[in-house]
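Notes follow the structure.
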Amino acid sequence: MFLYNYDNLKAITQTENGKKLISEVEKIYNKYFKNEPIPTTDYSLQKLIYKTGNRDLHQRIYYLRRKRFSLLQLLALANDDYLEDFENILAVILEEYTWVLPAHNIQKDNTFDYTVIDLFSAETGYYLAETLHVFENKLSPNIKKMIRTELKKRIIDNYENRDQLWYDIHNNWAAVCAGSVGITYMYAFPERFDSVKDRLFKTMEAYLEGTHEEGTTPEGVGYWVYGFGFFVQFFDIYNQFTGEYPEILNRTKVLNTIKYIDNACLGGNCYLPFADGGSRRTYIHPPVAYAAKRLFGDQYVLPQYSIDEEFASELAANTGKANAFRALYGMDKFGLGDKKELQTKTVYYQESQIFIHKNNKYSFAAKSGCNLEMHNHNDVGAFQIVIDGKGVIVDPGPGKYTLQYFNDPNVRYSEEVFAAGSMGHSVPIINGKYQNEGRDAKGVVLEQTENNFKFDFASAYDNVDNLIVNYVMLDSGVSVSYNYKGIDESITFRFLSFNEPKINADGSVDVGLTISSLSGLTPNVRKVNYGGHVNIVGALDCETIYAIDYTVSGKKEVEETFEFKI
């Protein structure tokens, strides 16, 4: 019934690619985990979320345990000598007081609801249920009994006997939680699946309500990997479990969402940077990609993978992805994808007002939209330029996730956080002030063709008559022109890069491309350190980005053009 079974997967570990992958996994395990004890946590780390808003210290231990679990999944599959270590980490996870992340269920009185099904508890249930299925004849009877007991108590009975906040929510929670719960049923409690099937499908419908008909995901590309990733994983297992290919997969919105991720790729691991789902580097997790490929065939373009340390590390990337088993099956059936040369094309997503242009020299993306979106950044007018798969004009990505980041806009959009406010995007600063948050802080598109994107985003700021930007695609780069009326004090044109700028003798700036002010404005470079969203063990707590500012003062009207030459 299920393609991901022990015999199939064991055989793949003995193939050339399988052996190569296991070798890389073993290197990572030996380097970081083999001689290290399983990390422990204590209540003081959980309390930090409501004492200081910090969630990273607790989550790192959670992630380390699950990364160890994912690595040992593959190693125990290939070599029985790792079974004891695998059972040890399984026992630790099963004995955790809660699988719920404190940040997800803090109550008004600063208590936690440890028994709800949140993102992480749902994922843990799914991972354990699939592990139980694959290792049914390998695990000790006690471990198998523990898995079934904990799954029944924490997931199955919980889902059937109490309301969950994500039943009809229109974001990634719906797909991740319902997808994980559904997979847990199909693997570990198949006899009870029919009784909850309709309920699970309704939650998947709710998830789709949060995506645009044209296929864009307002939460950003990272949340495509997460939310839509669990959507395809659920229906991959459902198809195997029932033999059915449900109608929902043939919908235009779903097919557009499948195509969106290829359009969103600007080369290499650089994707659309907008909202919290943007990132310096986005990796389409292989098990997610292979599940999509199995379901959608040629309608889904498989990214190119290499079996190396990065590939192996991504398979064990903490949480929020998928069991590593699936990558074995996928790379054996579908290969490692093909390297794609960027072809000249322009894609415009009208609902989200995102413009994408690609050619064989560079990729460009800009966003109009509004400042009230899921996982919002105040980024109306932001843009990104990518050369050879590396961002040169960029967004910083999500900020450090804290309690305040999600609950206090005065913190989220502040200089202190930097990443989510407009100061952390390549957009102007007017009269020393940044963009406002809200649905009315938006762009009005004036023109869009194959080679230019023009809109007015004055409403994103206070007391501005008009602020029109026109992005024009050139053979050798991009021209960015601003037309501004109503200035009282100053306007600063800001551009961001991870590359350290070098100011040339003629006043132009080199960041991997050359930025020139056609009227000869003098640039000012500022180095900014900010807290990034730490979701991968070993990620930096502090990121560095460079702000390149050009300021005009004392004029009522300003017209300024910058050229970004390759």
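Scope of the values below: all heavy atoms of this structure, side chains included, with no hydrogens, waters or symmetry mates.
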Side chain to side chain contact (heavy atoms under 4.5 Å, CB included) between Leu513 and Ile387, intermediate numbers included: CA-CA 9 Å; Leu513 52 67; Ile387 301 172; 4.0 Å; yes

CZ-OH distance between Phe495 and Tyr550, expressed to the nearest 0.5 angstrom: 7.0 Å

N/O donor-acceptor pair under 3.5 Å between Lys485 side chain and Val464 backbone: no

Heavy-atom pair with the smallest gap, counting every atom of Leu266 and Leu342: O-CD1, 3.7 Å

Any donor-acceptor N/O pair, Ser313 side chain to Glu310 backbone, under 3.5 Å: no

Ring centroid separation Phe564 to Tyr362 under 6.0 Å: no

Glu373/Lys367 salt bridge by N-O under 4.0 Å criterion: yes

Short side-chain to backbone donor-acceptor contact, Gln353 and Gly369, under 3.5 Å: yes

Nearest non-hydrogen partners of Ala327 and Phe311, listed with the distance: CB-CZ, 4.5 Å

Close aromatic pair by centroid cut-off 6.0 Å: Tyr348 and Phe453: yes

Side chains of Phe364 and Gln384 in contact at under 4.5 Å (non-hydrogen atoms): no

Gln435 side, atom CD; Asp379 side, atom CG - distance, nearest 0.5 Å: 7.5 Å

Asn451/Thr449 under side-chain hydrogen bond (donor to acceptor under 3.5 Å, both in side chains): CA gap, chis, key distance, verdict: CA-CA 5 Å; Asn451 291 306; Thr449 68; 5.7 Å; no

Side-chain (Tyr530) to main-chain (Lys400) donor-acceptor, under 3.5 angstrom: no

For the student: nearest non-hydrogen atoms of Asp118 and Leu101, plus distance: OD2-N, 3.0 Å

Considering all heavy atoms, the nearest Ile307-Glu24 contact: O-CG, 4.5 Å

Under 3.5 Å donor-acceptor, Asn269 side chain and Tyr283 backbone: no

Cation-aromatic face contact Arg280/Phe498, 6.0 Å, 45 degrees: yes

Parallel, tilted or perpendicular: rings of Tyr349 and Tyr260 (30°, 60°): perpendicular

Between Asp510 and Thr514, a side-chain donor and acceptor under 3.5 Å: no

Working for side chain to side chain contact (heavy atoms under 4.5 Å, CB included), residues Ile261 and Tyr271: CA-CA 8 Å; Ile261 199 65; Tyr271 284 75; 4.1 Å; yes

Parallel, tilted or perpendicular, as decided by the 30° and 60° cut-offs, for the rings of Phe383 and Tyr471: tilted

side-chain hydrogen bond (donor to acceptor under 3.5 Å, both in side chains) assessment of Asp440 paired with Ser459: CA-CA 7 Å; Asp440 292 334; Ser459 67; over 6 Å; no

Candidate list Ser481, Ser479, Ser519, test side chain to side chain donor-acceptor pair (under 3.5 Å), partner Thr561, passing option: Ser481

Side-chain donor-acceptor contact under 3.5 Å, Asn263 with Lys345: yes

Qualifying residue, where the test is side chain to side chain donor-acceptor pair (under 3.5 Å) with Arg494 and the options are Thr551, Asn524, Asp549: Asp549

salt_bridge(Lys527, Glu543) N-O dist < 4.0 Å: no

Backbone of Val444 reached by a side-chain donor or acceptor of Asp456 within 3.5 Å: no

Polar contact flag, side-chain donor to acceptor under 3.5 angstrom, Asn436-Asp462: yes

Straight-line distance of Ile545 CD1 to Ser497 OG, nearest 0.5 Å: 7.5 Å

Donor on one side chain, acceptor on other, Asp308 and Ser306, under 3.5 Å: no

CA sep, side-chain torsions, deciding dist, call: Arg526, Tyr546, side chain to side chain contact (heavy atoms under 4.5 Å, CB included): CA-CA 6 Å; Arg526 174 187 168 206; Tyr546 296 90; over 6 Å; no

Gap separating the CD atom of Glu447 from the CZ atom of Phe455, nearest 0.5 angstrom: 13.0 Å

For Tyr482, all residues meeting ring pair (Phe, Tyr, Trp, His ring centres under 6.0 Å), sequence neighbours excluded: Phe493

Gap between atom CD1 of Ile429 and atom CD1 of Ile491 - 0.5 Å precision: 9.5 Å

Main-chain N/O of Thr257 paired to Trp224 side chain as donor or acceptor, under 3.5 Å: yes

Check ion pair Glu214-Lys259 (N to O, under 4.0 angstrom): no

Residues which pass side chain to side chain contact (heavy atoms under 4.5 Å, CB included) with Ser279, listed by chain and number, not counting sequence neighbours: Thr282

Exam field: side chain Ser508 to backbone Asn504, donor-acceptor pair closer than 3.5 Å: no

Pair Lys361 + Asp475, salt bridge at N-O below 4.0 Å: no

Leu64 CG to Thr41 OG1 distance, which is reported to the nearest 0.5 Å: 11.0 Å

Heavy-atom pair with the smallest gap, counting every atom of His377 and Arg412: CD2-NH2, 4.2 Å

Centroid-centroid distance, Tyr413 to Tyr434, less than 6.0 Å: no

Polar side-chain atom of Thr52 near backbone of Leu48 as donor-acceptor pair, under 3.5 Å: yes

Side-chain donor-acceptor contact under 3.5 Å, Asn172 with Tyr207: no

Donor-acceptor contact below 3.5 Å, side chain Arg66 vs main chain Ala316: no

Pair Glu314 + Arg281: basic N to acidic O under 4.0 Å: yes

Ring centres under 6.0 angstrom apart (Phe230, Phe228): no

Ala382 versus Asp395, closest heavy-atom pair with distance: CB-OD1, 4.1 Å

Any side-chain donor near an acceptor of the partner, His425 and Asn378, under 3.5 Å: no

Pair Tyr484-Ile430, side chain to side chain contact (heavy atoms under 4.5 Å, CB included): steps then yes or no: CA-CA 10 Å; Tyr484 176 95; Ile430 297 178; 3.0 Å; yes

